[in-house]
Enquirer: 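Just dropping this structure here.
From a predicted model like this one, the values you see are computed outputs, not experimental measurements. A, B, ... follow the sequence lines: proteins, then strands. Residue 1 opens every chain.
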Protein chains: 2
Amino acid sequence: MLNYSTSEENYIKAIFHLQRQDGTVTTNELANELKTKPASVTDMMKKLKVKKLLNYQPYQGFRLTNEGNKVALGIIRRHRLWEYFLAEKLKFSWDEVHEVAEELEHVSNKKLIDKLDEFLGFPRTDPHGDPIPDANGKIEISKKICLTAMALNTIGVVSSVSDQSSEILELLEHKKIAIGTKLEVKKKFEFDNSMEVKIGRQPAFTISNQLAENIFVLSN
Amino acid sequence: MLNYSTSEENYIKAIFHLQRQDGTVTTNELANELKTKPASVTDMMKKLKVKKLLNYQPYQGFRLTNEGNKVALGIIRRHRLWEYFLAEKLKFSWDEVHEVAEELEHVSNKKLIDKLDEFLGFPRTDPHGDPIPDANGKIEISKKICLTAMALNTIGVVSSVSDQSSEILELLEHKKIAIGTKLEVKKKFEFDNSMEVKIGRQPAFTISNQLAENIFVLSN
DNA sequence: CTATTTTTTTAGTTTTGTCTAAAATTATTT
DNA sequence: AAATAATTTTAGACAAAACTAAAAAAATAG
């Protein structure tokens, strides 16, 4: 496995995440995700194509090749292992780990990462509930779904929150919703797409559609 | 404390180490240390001068300012804490940690480093016996001296080995000398500067001058 | 104390990754 | 289907950090 620059790695990772949702990724989407300009994206796409990490024809959008996906999974492995380390060992709170892991993930020493994995006891998911690829790049398919997509009267374990603003954290804290909380959907209202949910045997309470769209759960 | 590029940090660190020995550092020394060209050094010296990290007049050599020394101690703190982590927690051998720490040291998140320090139990020295600066940049003055400088019949604890080639490691292993070994100097021979040393109550054995020059000990 | 050698600096390129402005292509309207 | 709008690419510049080759300054030798 070759070595890639921090910048290249950030592009690869962003494409990987965007293509999960979209299939194919566009220049503007990627520029927006990386807070850069479309022209810079085009430049980098040419580079990654030459390195055979990317399928790309001008104006047609792009996807990672198999090799590109492998590289992406390596970066994600590093990122999530460091997140786990930060939360579990250094006692960072789950909303602080992402930013620090963004820096640590670019240290790409294979032995370091494999020994870190072992030291942590081969964790299966990071503090947000996202699965950690193993040393071979294998990753469990996440059964993670959005709270809005849950069927009535099913229970899900909160595994991640996509927005991480202090505003959403304030609201989550008030509603006593955290990573690991078990939520049961009791009612959905078509008018505003709000829903009523319960935690354990406590009385049901209301969640707005905006909030529900940012909460993801693991369900059986 | 501002943020500096990886390249700037490598220069700052190298100057810090060289000026310990020399007082003032020259262009060629630094180019040699960093495996770069003198012209590149001059370019960077101008940059660091503008940032007030360096006292530098053309052709006169350079030293770090107080601010520059502070920055250097921050980098060294990060480097040595990661070395300790790698050796103590991830079970890297003491001769492997330096290279990996060279990469990790450039992640300059203060909270990360202070929490790492706490997690490790505020270690005082790295696996090579070099002191770790505290969160304020305070560092214990090392009483580390070269084996060649030890007085007869004094005992020193091996704390570091400057050369880290596999050839020297083979020899050290054969002579059963490792970090932490207590050595007592019994005789010195003027002819070839070789010396006889003892480990505990075992019979004395001979060490060449070349080897002794690469072994450093902490003595009282 | 000149002359030569060594060291250091300057000048001009190169590479990587970014940007702006303009041109080319594709998508959307009417 | 032609006109307009949006997206994407190209062309040209710039900053950081490196390099080579040449010039300038300092150190050393005869």
Enquirer: What nucleic acid atoms does B/Ser40 come within less than 4.0 Å of, heavy atoms only: base, sugar-phosphate, or nothing?
Expert: base
Enquirer: Tell me whether the guanidinium CZ or amine NZ of A/Lys144 lies under 6.0 angstrom from the six-membered ring centre of A/Phe216 and within 45° of its axis.
Expert: yes
Enquirer: Quickly work out the B/Leu54 CG to C/dT8 P distance and round it to whole Å.
Expert: 14 Å
Enquirer: Does A/Tyr11 put a side-chain nitrogen or oxygen below 4.0 Å from OP1 or OP2 of C/dT16?
Expert: no
Enquirer: According to ring pair (Phe, Tyr, Trp, His ring centres under 6.0 Å), does anything in residues 14-45 of chain A pair up with another residue at least two apart or in another chain? List the pairs.
Expert: none
Enquirer: D/dT7 P sits how many Å from A/Lys37 NZ, rounded?
Expert: 15 Å
Enquirer: Under the ring pair (Phe, Tyr, Trp, His ring centres under 6.0 Å) definition, can you give me all pairs with a residue in residues 30-58 of chain A, not counting sequence neighbours?
Expert: A/Tyr56-A/Phe62
Enquirer: Once you round it to whole Å, what is the distance between P of C/dT15 and CD of A/Glu8?
Expert: 15 Å
Enquirer: With a 4.0 Å cutoff (strictly under), does any side-chain N or O of B/Thr26 reach OP1 or OP2 of C/dT7?
Expert: no
Enquirer: Report, one pair per line, the protein and nucleotides 9-16 of chain D atoms (nitrogen or oxygen only) whose separation is under 3.5 Å.
Expert:
residue	atom	partner	partner atom	Å
D/dT9	OP1	A/Tyr56	OH	2.7
D/dT9	OP1	A/Tyr59	N	2.7
D/dT9	OP2	A/Thr27	OG1	3.0
D/dT9	OP2	A/Thr42	OG1	2.9
D/dT9	O4'	A/Tyr59	OH	3.4
D/dT10	OP2	A/Lys46	NZ	2.9

Enquirer: To the nearest angstrom, how far is B/Asn28 atom CG from C/dT8 atom C1'?
Expert: 8 Å
Enquirer: Among residues at least two apart in sequence or on other chains, which ones pass ring pair (Phe, Tyr, Trp, His ring centres under 6.0 Å) with B/His98?
Expert: B/His79
Enquirer: Under the rule for salt bridge (charged side-chain N to carboxylate O under 4.0 Å, His left out), what residues qualify as partners of B/Arg77, not counting sequence neighbours?
Expert: B/Asp114, B/Asp117
Enquirer: Suppose we screen for salt bridge (charged side-chain N to carboxylate O under 4.0 Å, His left out). Which residues come up paired with B/Glu105, at least two apart in sequence or across chains?
Expert: B/Lys13
